[in-house]
Amino acid sequence: MNGFIEWCQYNTLSLFMRSAKWPYPSVEILHIAGLILVFGSMLILNLRIFGRILRREPVPEVAAGLSPITITGIAAQFITGPVLFMTSAMKFAESTPFKLKLLLLVVALTYHFGAHRRFALDPTTPAQTLRVSATASMLSWISVVFVGFAIELLAG
């Protein structure tokens, strides 16, 4: 694994990312934009499930309409995340918050695609099941976001 981490740290792309002032912030902006798309679409869906917004719109229609936004955000995260990782691979490889973020991200994505999305798209899902699922969804995504912020706050 150390060989892979070293390769990430010193490959052409990571050297380019560290070579000037603009590459890293540009990719980080795209990463944050992806986060906003994912978290924002989850927030809208879950607020609809709780009956706080879009009350006249059926939950399955809201879920289906937000799916492309969520997928776009996830794609942005999966493209930009590894690029950001490569810029400081050795630091991230040793970072407990970074490892926790990856674990929480796997949990959030697994829950989203394994349960929450299916419940939200199914018009026969009971309201109570939707609310419990929305709560679990928001807790998982909030955890990913907060631990992601902790990576930078706790970085030396």
Measure across [X] and [Y] and return the closest heavy-atom pair with its distance rounded to 0.1 Å.
X    : Y    : value
I49  : A134 : CG2-CB, 3.9 Å
T125 : F119 : OG1-O, 2.9 Å
P97  : A150 : CB-C, 4.4 Å

Just jot down the ring pair (Phe, Tyr, Trp, His ring centres under 6.0 Å) partners of F98, sequence neighbours excluded, or say none. F85, F92

Those residues that, when tested against F78, pass ring pair (Phe, Tyr, Trp, His ring centres under 6.0 Å) (two or more places apart): none

Could you give all pairs that pass the side chain to side chain donor-acceptor pair (under 3.5 Å) test and reach residues 100-114, with sequence neighbours left out? Y111-S133

Going by the side chain to side chain donor-acceptor pair (under 3.5 Å) test, which pairs reach into residues 37-52, not counting sequence neighbours? S41-T70, N46-H116, N46-S137

Side chain to side chain contact (heavy atoms under 4.5 Å, CB included) between L13 and M17, worked out: CA-CA 6 Å; L13 179 58; M17 290 291 294; 4.3 Å; yes

Rounded to the nearest 0.5 Å, what separates atom [atom1] in [X] from atom [atom2] in [Y]?
X    : Y   : atom1 : atom2 : result
T87  : L15 : OG1   : CG    : 11.0 Å
I151 : T96 : CD1   : OG1   : 10.5 Å
M42  : L37 : CE    : CG    : 11.0 Å
E6   : M90 : CD    : CE    : 4.5 Å

Going by the rule side-chain contact (heavy atoms from CB on, under 4.5 Å), which residues pair with [X] if we only count those two or more places apart in sequence or in a different chain?
X    : answer
L43  : L47, M138
V107 : none
Q128 : R131, V132
T135 : F50, L139

Are any side-chain N or O atoms of S14 and backbone N or O atoms of C8, one a donor and one an acceptor, separated by less than 3.5 Å? yes

Is there a path of hydrophobic side-chain contacts, each under 4.5 Å between heavy atoms, that joins [X] and [Y]?
X    : Y    : answer
I79  : I71  : no
L121 : L45  : no
V145 : L100 : yes
I69  : V144 : yes
V83  : L30  : no

Pairwise side-chain contact, [X] with [Y], heavy-atom cut-off 4.5 Å (strictly under):
X    : Y    : result
V106 : L102 : no
Y10  : I5   : no
R18  : M86  : no
I44  : L54  : yes

Qualifying ring-ring contact (aromatic ring centres under 6.0 Å, His included) pairs with a residue from residues 18-45, counting only residues at least two apart or across chains: F16-W22

CZ (F149) with more than 12 external heavy atoms under 6.0 Å: no

Residues 56-66, side-chain donor-acceptor partners within the protein, below 3.5 Å, at least two apart:
none

Apart from I32 itself, its cluster of hydrophobic side chains linked below 4.5 Å comprises I36

When Ile, Leu, Val, Met, Phe, Trp and Tyr are grouped by side-chain heavy atoms lying under 4.5 Å apart, directly or through other members, which residues fall in the same group as I29? none

